[in-house]
A.B. asks: 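This structure is in structure tokens; I'll ask about it shortly.
Chain A is the first sequence line, chain B the second, and so forth, proteins listed ahead of strands; every chain is numbered from 1.
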Protein chains: 2
Amino acid sequence: MDRVPVLKIGEILLVSIQIDLDDQTALQLQEDLSDRIVETGAHGVVIDISALEIVDSFIGRMLSTIAAVSRVLDAETVVVGMRPAVAITLVELGLSLRGVRTALNVDKALEILAEAKQVRGVGVLGFRGSDDVPV
Amino acid sequence: MDRVPVLKIGEILLVSIQIDLDDQTALQLQEDLSDRIVETGAHGVVIDISALEIVDSFIGRMLSTIAAVSRVLDAETVVVGMRPAVAITLVELGLSLRGVRTALNVDKALEILAEAKQVRGVGVLGFRGSDDVPV
């Protein structure tokens, strides 16, 4: 069975989707990713879709699900490498990739994730709680 | 046409091979990689083959060629994620992946490349310590 490899780069997991995803492969990828997040304690997931010429509602939903599951496991997801034509089609189809952050390339995604980690780091240390406590 | 994406991560280029490579795709990959090395000034190339269940003499030769071309362009190549079964088959077939460095995973490959860069950096600049010259 085809399987999309999940690569660990420092505290980030990187997935490059290059094959046509069917139900089974997509489910497998979600499972592999969740397992690896827990196993490695990764705080970010980068999904490269530069090889995809089409992102339909199935893939869109899969990306949203991965982002949602990762968030529950305390990891941010950033989708990178979207082709302009794909972006146009997504909008035309009315797909919004809800809850999915995007960046132009992996380097930019790593910057976003590093910033997100810093912000959360501050939250953990106690300063963020003020959001919840009206003064 | 299928095309293997080349991802830039800092000063490294990462390629994850997941599709069956025919002559055309392999040539395209070599060309894309060389172009990106020149364009980005990358000093290292990491090729992930964890999705490959078979590495035959064709792929073996391609990896050697990529490594050789990259070296001429002043970039080191490290192949990562080789399955144990693939390693066994390679040896049984008498394929040695000449000139190709290997590492267990991307993180280890990045360490190797960082070390290689440092060694070369000192070699090339010679007086690199002078950057730190105290006033």
A.B. asks: Are B/Lys8 and A/Asn105 packed together at the side-chain level, in the sense that at least one heavy-atom pair is separated by less than 4.5 angstrom?
C.D. replies: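 Not in contact.
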
A.B. asks: Between B/Ile49 and B/Val6, is there a shared hydrophobic cluster once you connect ILVMFWY residues whose side-chain heavy atoms come closer than 4.5 Å?
C.D. replies: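 Yes, it is one cluster - the side chains of B/Ile49 and B/Val6 are joined through contacts under 4.5 Å.
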
A.B. asks: Would B/Val106 end up clustered with B/Leu97 when hydrophobic side chains under 4.5 Å apart are linked, directly or stepwise?
C.D. replies: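 Shared cluster, no.
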
A.B. asks: Given A/Gln18 and B/Val4, is the side-chain contact (heavy atoms from CB on, under 4.5 Å) satisfied, shown in steps?
C.D. replies: CA-CA 7 Å; A/Gln18 297 169 29; B/Val4 182; 4.1 Å; yes

A.B. asks: Do A/Ile17 and A/Val69 share a hydrophobic cluster (ILVMFWY, side-chain heavy atoms under 4.5 Å, transitive)?
C.D. replies: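 Yes.
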
A.B. asks: When clusters are formed by joining ILVMFWY residues with side-chain heavy atoms under 4.5 Å apart, either directly or through shared neighbours, do A/Val38 and A/Ile66 land in the same one?
C.D. replies: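 Yes, one cluster joins them.
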
A.B. asks: Tell me whether A/Ile37 is reachable from A/Leu113 by hopping between hydrophobic residues (I, L, V, M, F, W, Y) whose side-chain heavy atoms are closer than 4.5 Å.
C.D. replies: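 Different hydrophobic clusters.
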
A.B. asks: Using a 4.5 angstrom heavy-atom cutoff, name the option from B/Gly81, B/Ser50, B/Gly10 with the most pairs to chain A.
C.D. replies: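 So the answer, after comparing B/Gly81, B/Ser50, B/Gly10, is B/Gly10.
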
A.B. asks: Can you say whether A/Ile9 sits under 4.5 Å from chain B via the side chain, the backbone, both, or neither, judging by heavy atoms?
C.D. replies: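 Both the backbone and the side chain of A/Ile9 come within 4.5 Å of chain B.
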
A.B. asks: Nearest heavy-atom pair of A/Ser16 and B/Leu7: which atoms, and what distance?
C.D. replies: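 Shortest heavy-atom separation between A/Ser16 and B/Leu7 comes out as CB-CD1, 4.4 Å.
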
